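The structure appears below as structure tokens.
Everything quoted here is computed from the prediction, not taken from an experiment. The analysis underlying the following values was restricted to heavy atoms, covering all of them including side chains, and did not include hydrogens, waters or symmetry mates.
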Amino acid sequence: MRLLKSTFLACAAAGCLLTLATPAVAAVPAGNAPSCVAVWQTKGIVTKTGYARNDCRYRLRLKIKWARGTDGDCSTVDPGRTISSKVARGPRNFDGADIC
């Protein structure tokens, strides 16, 4: 009985750790830009802004992706440069950056 209780507690603890880690994985933006493009967002009171920085060694054409609405403009981004797109807060979700 003691072994069963210890095993249950260990499994419960592991399950809690998996549950805590899941939201962080789900929050990763899903755009199709290469992995050398860094993406993030900031949220204000009325708007939110999505960013994409080209950390690749070559020029890219990128756009910021938003769910449930229009994406940002397609822009040529040199290495080390950042683009951004601002939208009203609300049901729009930041989906990362896409090549275009």
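Contact check for Lys43 versus Phe94: no side-chain heavy atoms found under the 4.5 Å cut-off. Looking at heavy atoms from C-beta onward, Pro34 lies in side-chain contact with Ile99 at the 4.5 angstrom threshold.
Across all non-hydrogen atoms, the minimal contact from Asp78 to Arg59 is OD1-NE, 2.6 Å. The two residues Arg61 and Cys74 make their nearest non-hydrogen contact at NH2-SG, 3.4 Å. Closest approach of Asn54 to Tyr58, counting heavy atoms only: ND2-O, 2.9 Å. Looking at every heavy atom in both residues, Cys100 comes nearest to Lys63 through SG-N, 4.1 Å. When every heavy atom of Pro79 is checked against every heavy atom of Cys56, the shortest pair comes out as CB-O, 3.3 Å. Contact detail for Ile64 and Tyr51: the closest heavy-atom pair is CD1-C, 3.7 Å.
Although no hydrogens or angles enter the test, the distance criterion places no donor-acceptor pair under 3.5 Å between the side chain of Asp98 and the main chain of Gly31.
The environment of CZ in Arg68 is crowded: more than 12 heavy-atom neighbours from other residues, nucleotides or ligands sit within 6.0 Å.
To the nearest 0.5 Å, atoms CG (Asn93) and NZ (Lys48) are separated by 5.5 Å. To the nearest 0.5 angstrom, Asp73 atom CG is 10.5 Å from Ser84 atom OG. The distance from atom OG1 of Thr70 to atom CZ of Arg92, rounded to the nearest 0.5 Å, is 6.0 Å. Rounded to the nearest 0.5 angstrom, Asn32 CG and Asp95 CG are separated by 11.0 Å. For the atom pair CZ (Arg89) and OG1 (Thr49), the distance works out to 10.5 Å, reported to the nearest 0.5 Å. Here the OG1 atom belonging to Thr42 is positioned 7.5 Å from the NZ atom belonging to Lys86, to the nearest 0.5 angstrom.
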